[in-house]
Q: 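I'd like to ask some things about the structure below.
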Amino acid sequence: MIHKITITLYNEEVAPRFDLATEVLIMILSKGNIIEEKKTIVLPRSSADDLCYLLLSEKINTLICGAIEDEFFQFLKWKKIDVYDSIAGDWSRAFHCWSKKTLKSGDILSRRTVEGINV
Amino acid sequence: MINLPRPLITNLMTSPLDFFHLIDELPLGVLILDTNRRVVFLNRVFEALSGFSPSMAYGVQCYNILRGAACISNCPVLSMKDGNHSISCESDMINFDRQLLPIRMVTAPILDENNNIKGYLETIEDIRLSQKIDREKNAAYSFVNIVGRSPQMEKIFQTLPVLAQSDVSILITGETGTGKDLVAEAIHQTSGRESGPFIKINCGALPETLLESEIFGHQKGAFTGAVENKPGRFKLAHNGTIFLTEIGDLTLSLQVKLLTFLDDKIIYPLGSTKGFLVNVRIIAATHRNLEQMVEQGLFRKDLLFRLNVARIHLPPLREREGDIQLLIDHFFNSYKQQLDKKINGFSKETLAVLLNYHYEGNIRELKNIVEYSTNVSDHLTIEPQHLPSYLLGPPSSMKYKQSPIETQALKNSSYPMLTDSFSTRDNNLNTSETWSTIQREIIIDALKKSKGKKKEAAKALGWGRSTLWRKMRHFKIDS
């Protein structure tokens, strides 16, 4: 069975804001979370409404994103999309955690440094 | 869990000062960043605004914590790289509770003794209240955002500024829907604590154990799942106002704890022996009769005395002479603007029904009726058939005091008020059930007519797609 996952992007990271994301990564996964297809869509403008429409038209099962307004969060949940929100860090790390079933909403996955020193 | 350093300020006073404590006392949200825009510290107000604690945010890129629109589109830190001046801008942020908040942010560099930039300071101000006040400050017959011109309300408008300026505890009583929350917010906005936080706790919304941790906070390890220190709402409301709504629903054991706090102003988080001195103003509200509850042994007499330093009783709408017309106009104008409808107003017949109704749900009910009829009407005026059908039922025994203007409006009306044709209908219907049923039916009808196309159904109803979606969700209508 295939599974479609979307991650909103800000360079190599999960976009901090869902409504301001202009780039999304869509991956089609087969059994065992093997990536069958991977595409990046660049949106003409940032819009939470347009993004929701895109997720529905692409029949996405899971969304990994940063901050999202409750209205859109509830809407997507109602549309039976699994939403992992408030995720911070590299998208690849977020995807890795999701595939290992350890990802939770609110996870900060980025390296923590202060003045260049790991903390 | 990250252990944060505790920096000290030396050479300012004779003994070193606790830097974090100093920043925590500021009434603005403060974020301290290093030169790579990574969070070094955030204060208590910022924590209350964003939902991120200092240890959660330590070492993380600021845009993942502040989550402001300006951070993504035009980061103030990046745009000041060459200069040492501060930058102020208005933006918005989405907090951990998924709320979108309008904010004003000021970004300034932190310099060392040789004028080298060593980091950045961002102050964040929640401008929800000032935006709301700006919109509504010109409204006549109102205090902040409370509308009314009846003698009862005028008396309250005269008292509110005086009470707001004092720092006494206030107990607000009144039936459901009379505007207790609005009054509490208005008092805070016009008090000396305006720039401090306004924190609301619904005492009836959470089970006792959760409520205790929510109000007073907890220490890491106090109970299973307490993986981090939690400051509690009282601590977050430091230098501001705490609003305890539905105080009548507070359990007796929590009443004792609240009483202890009111006595010594010190909170002890769950599992902690160390107290924290909090400076908050308490406003409590309830729709219950607390005196009666005291007699029944359900509410502590001493707590009632402490909360009841000043009391504001909000009259039910049916006793507010002349206010119904004013409130109808007020809500109609606001919904007409919101929904972008070309409606001139209510017909005389509709007005007659509205002025004769007894409004058990008070202003909330009136507001809902106006919202409903403005939504449903497809004429230039709102006719009786656009009103929820339960309004056209038999007249109530509770009579509303009409003002002379309203009486005149009724006399001019040719509408056979609440006649048999209406009274035979919906006779024994439960108000809230009927209200919901009608709305549900209208939505289903519109969906049927549009063959399930929500966009068309929303257009026919004069709503946005998201409004239709919200209402469908509320009424459990499955697409």
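By convention in this document, chain letters (A, B, ...) are assigned in the order of the sequence lines, proteins followed by strands, and residues within each chain are numbered from 1. Heavy-atom basis, side chains included; hydrogens, waters and symmetry copies ignored.
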Q: Side chain, backbone, both or neither: which part of A/Asn118 has a heavy atom under 4.5 Å from chain B?
A: neither
Q: Relative to chain A, which segment of B/Ile65 carries a heavy atom at a distance below 4.5 Å: side chain, backbone, both, or neither?
A: side chain
Q: On the ring face of A/Phe73, is B/Arg98 found with NZ or CZ under 6.0 Å from the centre and within 45° of the axis?
A: yes
Q: Tell me, for A/Glu13 versus chain B, whether the close heavy atoms (under 4.5 Å) come from the side chain, the backbone, both or neither.
A: side chain
Q: What's the spacing between B/Tyr58 OH and B/Leu42 CG if we round to 0.5 Å?
A: 12.0 Å
Q: Counting heavy-atom pairs closer than 4.5 Å to chain A, which one of B/Asp92, B/Asn95, B/Val40 comes out on top?
A: B/Asp92
Q: Could you tell me how the ring of B/Tyr63 sits relative to the ring of A/Tyr10: parallel (under 30°), tilted (30 to 60°) or perpendicular (over 60°)?
A: perpendicular
Q: Tell me if the aromatic rings of B/Phe46 and B/Phe52 count as close, with their centers under 6.0 Å from one another.
A: no
Q: Heavy-atom distances under 4.5 Å only: say whether A/Phe75 touches chain B with side chain, backbone, both or neither.
A: both
Q: Are any of the side-chain nitrogens in A/Lys39 or A/Glu58 under 4.0 Å away from the carboxylate oxygens of its partner?
A: yes
Q: With a 4.5 angstrom heavy-atom cut-off, is it the side chain or the backbone of A/Asp19 that approaches chain B, or both, or neither?
A: side chain
Q: Please classify the contact of A/Ser86 with chain B as side chain, backbone, both or neither, using a heavy-atom distance under 4.5 Å.
A: both
Q: Are the aromatic ring centres of A/Trp98 and A/His3 under 6.0 angstrom apart?
A: yes
